[in-house]
Number of protein chains: 2
Amino acid sequence: MNEDDDLGALCAGAGRALAEAERPVLERHGLSMWQYVVLSALADGEAPSQLVLARQIRYDKTRLITLLDGLEAAGLVTRDPDPADRRARIVRLTPEGVRRHAAVRTAIREVEEDRLAGLDPATRRALRSALAHLANSG
Amino acid sequence: MNEDDDLGALCAGAGRALAEAERPVLERHGLSMWQYVVLSALADGEAPSQLVLARQIRYDKTRLITLLDGLEAAGLVTRDPDPADRRARIVRLTPEGVRRHAAVRTAIREVEEDRLAGLDPATRRALRSALAHLANSG
DNA sequence: TATTGTTATACTCTATAACTATA
DNA sequence: TATAGTTATAGAGTATAACAATA
C-alpha cells in the first residue's frame, strides 16, 4: 500500500485492515459488525424507529429486521410500539445491551489504539478530522 | 458521522463517500471498481502472473478470471504464457489499457481533490500517511 | 505430489416486490 | 393514498471443490 495510491484505495486498505483486526473482538463478544453498528447507533442518540435507525446507519430496512431479531433474542434490544404511531416500533438498548456495547467498544478502541501506535497526536487528530470531513462531504 | 466515532466507522464512512463519488466516473469509462483496481496494479509494477496479481489486490483468484476476461475482451490487457512456467499466464496492459487507466486515474484524482477541498496541505499529508500506516499495520 | 489457471457449484449478502396494519 | 414493518424472492457478490495442464 503506497502513499501515492488513490485516496479511495488507501481508505479501503485501512478500513479492511481495521475490520480484520476487529473481527475477532466482535466474534468473542458474539456480535456481527452490523449488529455492533446498531448497538453503537442506539447508544448514541434518541431511541429511533426501525426506519429511522436503518437510515441512520445506511442499512436496508428489510435487512435490519433479521438483525434486530437476533439482537432482541439475545436480550440486547427491545422493540416497543410507538404510542404516537402504532405502525412504528421504537428500538431501545436493554441494560444488558448497554453493558455489552460498552464492553465491545472498549475492546474495539484498544485494537484501534494498537493500530495507531507510532502516530503522533497531531497526526491522529488530523486523521480523524479529515476522515470525518470526507465522510460528510457527500 | 461524528469525530467521536470508532475509527473503523470513520474509515468506512469516508470510503463509502469516496466510492459513491467515483462510481459515476468509472461508469463513464466503462469500468467496474475492481477492473480499475486491476489496471492500477498493472500500471504500477512488473507484469505479474494471475495468481500474483490476485494476491496483490487481495482478490480471489477464481473471480479474477472473469474480471480479466472482460478486460481482455475490451482490449485493455493481454494474457500470455510465461516462458519460464507454462502453467502461468502473464498479465500486461495493452497501449489502450495504459491510456484508459491514465484517463480514469486523472478523473478519479479530480474527484478526490474535490472532496479534499477545505483541508490544508498538512492535514492532507497526515491523512495519506496515517491511512498508509493503518493499511500496512496488518 | 504440488501448483496455475479454469469451471462448476454452493453460499452469503444485498436489493426488489408484495403483503398487513395502521395513518 | 401513503407509510412502517414484515416476508418472500431474485440477484449480485463471494467462497469452495474439483479438474486439466504443467512443474
Side-chain angles (χ1 to χ4, degrees), chain A residues 8-9 12-13 15-17 19-20 22-23 26-27 30-38 41-42 45-73 76-92, chain B residues 8-9 12-13 15-17 19-20 22-24 26-27 30-38 41-42 46-73 76-92:
Chain A
R16 182 176 27 69
E20 278 173 17
E22 292 169 3
R23 189 178 312 125
L26 291 167
E27 272 175 15
L31 291 179
S32 72
M33 185 74 77
W34 278 113
Q35 287 180 320
Y36 175 64
V37 169
V38 165
L42 294 177
E46 291 297 299
S49 72
Q50 295 187 188
L51 192 59
V52 168
L53 176 59
R55 286 179 185 147
Q56 266 179 24
I57 66 174
R58 306 195 185 223
Y59 201 65
D60 195 89
K61 68 164 184 168
T62 65
R63 281 187 288 153
L64 181 59
I65 289 162
T66 50
L67 210 61
L68 291 178
D69 287 345
L71 290 171
E72 198 175 25
L76 303 178
V77 308
T78 56
R79 285 191 274 197
D80 298 311
D82 182 350
D85 181 346
R86 294 205 326 253
R87 291 172 305 179
R89 303 176 73 179
I90 303 298
V91 187
R92 289 188 186 84
Chain B
R16 182 177 27 69
E20 278 174 18
E22 291 168 4
R23 188 177 313 127
L26 291 167
E27 273 175 16
L31 292 178
S32 72
M33 184 75 76
W34 278 114
Q35 286 180 321
Y36 175 64
V37 169
V38 165
L42 295 176
E46 290 298 299
S49 70
Q50 295 187 187
L51 193 59
V52 168
L53 176 59
R55 286 177 184 147
Q56 267 180 22
I57 66 174
R58 307 196 185 223
Y59 201 65
D60 195 87
K61 70 163 183 167
T62 65
R63 280 187 289 152
L64 182 60
I65 290 162
T66 49
L67 210 61
L68 290 178
D69 287 345
L71 290 171
E72 200 175 23
L76 302 178
V77 309
T78 57
R79 284 190 276 197
D80 299 310
D82 181 351
D85 182 346
R86 292 202 329 250
R87 292 172 304 181
R89 304 177 74 180
I90 303 297
V91 188
R92 288 187 186 84

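Residue numbering restarts at 1 for every chain, and letters A, B, ... go by the order of the sequence lines.
- Counting only heavy atoms from C-beta outward, the side chains of A/Arg89 and A/Asp82 never approach each other to under 4.5 Å.
- Residues B/Arg92 and B/Asp80 are paired through a salt bridge, judged by an N-O separation under 4.0 Å between the basic side chain and the carboxylate.
- Formation of a donor-acceptor pair under 3.5 Å by the B/Gln56 side chain with backbone atoms of B/Leu53 is not found in this model.
- In this structure, CG of B/Asp80 is placed 16 Å from C1' of C/dT4, rounded to the nearest angstrom.
- In this structure, the separation between CH2 on A/Trp34 and CG on A/Asp60 is 10.5 Å, given to the nearest 0.5 Å.
- As a whole-Å value, the separation of A/Asp69 CG from D/dT6 P is 7 Å.
- Considering only side-chain atoms of B/Arg79, the nucleotide from D/dG5, D/dT6, C/dT6 that sits closest is C/dT6.
- No donor-acceptor contact under 3.5 Å links the side chain of B/Arg86 to the base of D/dT22.
- A distance of 10.0 Å separates CE of A/Met33 from CD of A/Glu27, quoted to the nearest 0.5 Å.
- Nearest nucleotide to the B/Thr62 side chain, out of D/dA17, C/dT14, D/dT6: D/dA17.
- As a whole-Å value, the separation of A/Leu68 CG from D/dT7 C1' is 15 Å.
- The nearest whole Å value for the distance from the CE atom in B/Met33 to the P atom in D/dT14 is 12 Å.
- Using a 4.0 Å cut-off, some side-chain N or O of B/Arg89 falls inside it from OP1 or OP2 of C/dT6.
- Note: CG (B/Asp60) to P (D/dA12) measures 19 Å, nearest angstrom.
- The residue among A/Asp85 and B/Ser49 whose nearest nucleotide of DNA chain C lies closer to the 5′ end is B/Ser49.
- Look at OH on B/Tyr59: it is 8 Å from C1' on D/dT14, rounded to the nearest Å.
- In this structure, CG of B/Leu51 is placed 13 Å from C1' of C/dT6, rounded to the nearest angstrom.
- Whole-Å rounding puts the A/Asp82 CG to D/dG5 P distance at 9 Å.
- For B/Arg87 against C/dT3, a side-chain N or O and a base N or O form a donor-acceptor pair under 3.5 Å.
- Residues B/Lys61 and A/Gln50 both approach DNA chain D. Their nearest nucleotides, taken by heavy-atom distance, put A/Gln50 toward the 5′ side.
- Close to D/dG13, at under 4.0 Å from its OP1 or OP2, lies no side-chain N or O of B/Arg63.
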